[in-house]
Undergrad: 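Structure below; questions to follow.
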Amino acid sequence: MITLTGKSVFHDVCIGKLIFHKKQEKIIKRTHIEDTEAECKSFIEAKEQAIKELQDLYQKALIEVGEANAAIFDVHQMLLDDEDYGDSINNIIRTEKVNAEYAVAVTSDNFAGMFEAMEDAYMQGRATDIRDISDRVIRILCKEAESNSYLKEPMIIAADDLVPSETIKLDKSMVLGFAMKQGSVNSHTAILARSMGIPALVSIGETLRKEYEGKLAIIDGITGTMFIDPDVVTLQASEKKRQEVLERKTLLLALKGKENITKDGRKINIFANIGNSNDVAKVLENDAEGIGLFRSEFIYLENDTYPTEEQQFSAYKTVAQNMAGKKVIIRTLDIGADKQAAYFNLDNEENPAMGYRAIRICLTRTEIFKTQLRSLLRAALFGNISIMFPMIISINEVIKIKEIMKEVKQELTQEGIPFKENIEIGIMIETPAAVMI
């Protein structure tokens, strides 16, 4: 039996055969280019294609690991759009008269090296992200398709390191655990592994050898230990520990249907967050007492043009009906920053996170806002819907919202369309200004 140690990412135990990750390796050759402008254009086109792929990955991650962790792929899109990154690639192409793939590879090594040299562990983890986005652009420039899954049965995946896009594309049902030579507990891949509930060890080092492929292995995420070819005693002890973990999970399931009350008698409401009506199945499965945040912008992000009143009404109504009287808080459109829909034609900003986004778009493009409010007021008749407005920075914005809400109610009344008159409204306290007020 061989014993390895690493840093634990997720405290669980898994037992299975070991397989080394089949990474697409690409040797980049330096090629002399005369038409450097055409080569720069090729890079821009590849970058745009890469961003589209990352948007698809974001949607996949949203379903599997939630918005907070899916944001990794928003970060990747922003890294691709970073001016310094793009300027470096274009400068290498023009000054050295080389092919775009080579320029991307050089920039990737340079930028990743800078991050790895930093003392902060979080910033060191960004080196993996730089390599991930660069490999994606290089693959597109080389006109290569993404590799298909090589897993035919549930196994423990070993690797030097896994980038986030490789992690999220894996078939979760075929992954028992992760064992990585490199990486840190703060890397995006580690965060994804935790969110997916998969036992994982990082920073095992060179003691994790390819000659172990196909051997039976154990990852003990509780002690940060990995066993290769475990003896009978270790195997039995690990199996017992794994059963104890499963029993704890089963115990949690036994709490379904019971009130969430602390030992001192305090009632705690546990709500779920969703991005679309399909997420309600998970909400009900996990026995949430309501929906604390329905991110309505995903209806817009999934559309090629502005969603109609009827399209939105149908989505909100479905959620309200399925929640059967439980509270559903729907956040109005929060578009902008890292959530972009091309048909909104938003300008680039130095600080989009606090700029023209969310409620400021709604208050200046009132027809879009009114359409959403009409659908929300109508859908509220079919359940317990409340409306929440994001990115508020002043009381004047709230006053303006109420004025528009009043206009919408008057219009619906005049048209003879039924709606809920006394709907609960609120705001997100998320900007520094709102906090101070």
Undergrad: Working to the nearest 0.5 angstrom, can you tell me the gap between N396 CG and I401 CD1?
TA: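 N396 CG to I401 CD1: 11.0 Å, rounded to 0.5 Å.
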Undergrad: Please give me the minimum heavy-atom distance between I130 and A112, naming the atom from each residue.
TA: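 Where I130 meets A112 most closely, the heavy atoms are CG2-N, 4.1 Å.
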Undergrad: Working to the nearest 0.5 angstrom, can you tell me the gap between S386 OG and I425 CD1?
TA: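 Rounded to the nearest 0.5 Å, the OG-CD1 separation comes out at 10.0 Å.
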Undergrad: So, R331 side chain and L293 main chain: donor-acceptor pair closer than 3.5 Å or not?
TA: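 Not at all, since once roles are kept as given, no pair shorter than 3.5 Å links the two residues.
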Undergrad: If you take all heavy atoms of A100 and L141, which pair is closest and at what distance?
TA: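 Scanning both residues completely, I find the closest heavy atoms to be CB-CD1, 3.8 Å.
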Undergrad: Between D81 and K47, is there a side-chain N and carboxylate O pair less than 4.0 Å apart?
TA: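 The answer is yes: the pair qualifies as a salt bridge.
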Undergrad: How long is the straight-line distance from CZ of F419 back to CD1 of I417, given to the nearest 0.5 Å?
TA: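 Nearest 0.5 Å value for the CD1-CZ distance: 10.0 Å.
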Undergrad: If you apply the rule side-chain contact (heavy atoms from CB on, under 4.5 Å), what do you find for F178 with V9, and how did you get there?
TA: CA-CA 9 Å; F178 291 122; V9 168; over 6 Å; no
Undergrad: Which heavy-atom pair separates P307 from T371 by the least distance, and what is that distance?
TA: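 Closest heavy-atom pair between P307 and T371: O-CG2, 4.3 Å.
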Undergrad: Verify side-chain contact (heavy atoms from CB on, under 4.5 Å) between D82 and M78, making sure each step is shown before the conclusion.
TA: CA-CA 6 Å; D82 181 75; M78 287 189 278; over 6 Å; no
Undergrad: Working note: L377 + K420, criterion side-chain contact (heavy atoms from CB on, under 4.5 Å); need CA distance, chi angles, decisive distance, verdict.
TA: CA-CA 6 Å; L377 287 168; K420 185 173 182 178; 5.5 Å; no
Undergrad: Looking only at the side chains, is there a donor atom on one of E239 and Q243 sitting less than 3.5 Å from an acceptor on the other?
TA: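 Yes, side-chain donor-acceptor contact under 3.5 Å.
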Undergrad: Would you call K241 and T223 a side-chain contact if the rule is heavy atoms closer than 4.5 Å?
TA: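 Yes, side chains in contact.
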Undergrad: Taking all non-hydrogen atoms of both residues, which atom of D129 and which atom of H76 are closest, and how far apart?
TA: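 Reported closest heavy-atom pair: OD1-NE2, 3.0 Å.
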Undergrad: In terms of heavy-atom contacts, does CD1 of I268 have more than 12 from other residues, nucleotides or ligands at under 6.0 Å?
TA: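 Result for CD1/I268: enclosed.
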Undergrad: Does any non-hydrogen side-chain atom of M391 lie less than 4.5 Å from one of D334?
TA: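 Result yes, sub-4.5 Å side-chain heavy-atom pair found.
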Undergrad: Which pair of heavy atoms, one from T107 and one from S88, lies closest together, and at what distance?
TA: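 Reported closest heavy-atom pair: OG1-OG, 3.0 Å.
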Undergrad: Counting C-beta onward and ignoring hydrogens, is there a side-chain heavy-atom pair between I33 and I93 closer than 4.5 Å?
TA: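 Counting from C-beta outward, I33 and I93 never come under 4.5 Å.
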Undergrad: Can you name the one residue among K267, K327, K326 that meets salt bridge (Lys or Arg N to Asp or Glu O under 4.0 Å) with E289?
TA: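 Filter result, single survivor: K267.
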Undergrad: What residues, two or more places apart in sequence or in another chain, satisfy side-chain hydrogen bond (donor to acceptor under 3.5 Å, both in side chains) together with T262?
TA: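 Listed in chain order: D264.
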Undergrad: Quick check: F294 with Y316 (ring centres under 6.0 Å apart)?
TA: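 Close enough - the centres of the two rings lie under 6.0 Å apart.
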Undergrad: Should the pair K400-E397 be classified as a salt bridge under the 4.0 Å nitrogen-to-oxygen rule?
TA: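 No, this pair does not count.
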Undergrad: For the backbone of L333 and the side chain of Q372, can you confirm whether one donor and one acceptor N or O come within less than 3.5 Å of each other?
TA: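 Judged by distance alone, yes, a pair lies under 3.5 Å.
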Undergrad: Just how far is it from atom CD1 of I330 to atom CD1 of I423, taken to the nearest 0.5 Å?
TA: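 The CD1 atom of I423 is 7.5 Å from CD1 of I330, to the nearest 0.5 Å.
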Undergrad: Sequence neighbours excluded and cut-off under 3.5 Å, please list the side-chain donor-acceptor pairs for residues 403-412, or say none.
TA:
unit_1: E407; atom_1: OE1; unit_2: K370; atom_2: NZ; d: 3.0
unit_1: K409; atom_1: NZ; unit_2: E421; atom_2: O; d: 2.7
unit_1: E411; atom_1: OE2; unit_2: K370; atom_2: NZ; d: 3.1

Undergrad: Can you tell whether the side chains of E39 and R94 come within less than 4.0 Å, N to carboxylate O?
TA: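 Salt bridge between E39 and R94, a charged N being under 4.0 Å from a carboxylate O: no.
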Undergrad: Check whether T364 reaches the backbone of I361 with its side chain - one donor and one acceptor, N or O, closer than 3.5 Å.
TA: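 It does hold such a pair.
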Undergrad: If I take atom CE from residue M226 and atom CG from residue L18, how far apart are they, to the nearest 0.5 angstrom?
TA: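 Separation between the atoms: 4.5 Å.
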Undergrad: Taking atom types as modelled and ignoring hydrogens, do the side chains of Y300 and Q312 form a donor-acceptor contact shorter than 3.5 angstrom?
TA: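 Side-chain D/A pair, Y300 to Q312: present.
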Undergrad: Has S134 got a side-chain atom pairing as donor or acceptor with A105's backbone, closer than 3.5 angstrom?
TA: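 A pair under 3.5 Å: no.
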Undergrad: Could you state the interatomic distance from OG (S42) to CD1 (I140), rounded to the nearest 0.5 Å?
TA: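 Output value for this atom pair is 12.0 Å.
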Undergrad: With a 4.5 Å cut-off on side-chain heavy atoms, are R136 and L54 touching?
TA: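 Side-chain contact under 4.5 Å: yes.
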Undergrad: Any heavy-atom pair between the side chains of K240 and E244 that's under 4.5 Å?
TA: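 Side chain of E244 against side chain of K240, heavy atoms only: contact under 4.5 Å found.
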Undergrad: For D132 and L79, run side-chain contact (heavy atoms from CB on, under 4.5 Å): C-alpha distance rounded to whole Å, both residues' side-chain angles, the deciding distance at 0.1 Å, then the answer.
TA: CA-CA 10 Å; D132 194 358; L79 287 172; over 6 Å; no
Undergrad: N322 and side-chain contact (heavy atoms from CB on, under 4.5 Å): which partner among I291, V280, V328?
TA: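 For N322, the side-chain contact (heavy atoms from CB on, under 4.5 Å) check succeeds only for V280.
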Undergrad: Which pair of non-hydrogen atoms, one from I299 and one from A315, has the smallest distance, and what is that distance?
TA: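 Minimum heavy-atom separation between I299 and A315: CD1-CB, 4.0 Å.
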Undergrad: Once side-chain hydrogen bond (donor to acceptor under 3.5 Å, both in side chains) is applied, do any residues pair with E310, and if so which ones, sequence neighbours excluded?
TA: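 For E310 the side-chain hydrogen bond (donor to acceptor under 3.5 Å, both in side chains) partners, ignoring immediate neighbours, are R378.
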Undergrad: Flag the pair L201 / S8 as yes when at least one side-chain heavy-atom distance between them is below 4.5 Å, and no otherwise.
TA: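 A side-chain contact exists here, since the closest heavy-atom pair is under 4.5 Å.
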Undergrad: Is any side-chain heavy atom of Y85 closer than 4.5 Å to one of V104?
TA: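 Result yes, sub-4.5 Å side-chain heavy-atom pair found.
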Undergrad: When you compare the side chain of I368 with that of C362, does any pair of heavy atoms fall below 4.5 Å?
TA: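 Contact flag for C362/I368 side chains = no.
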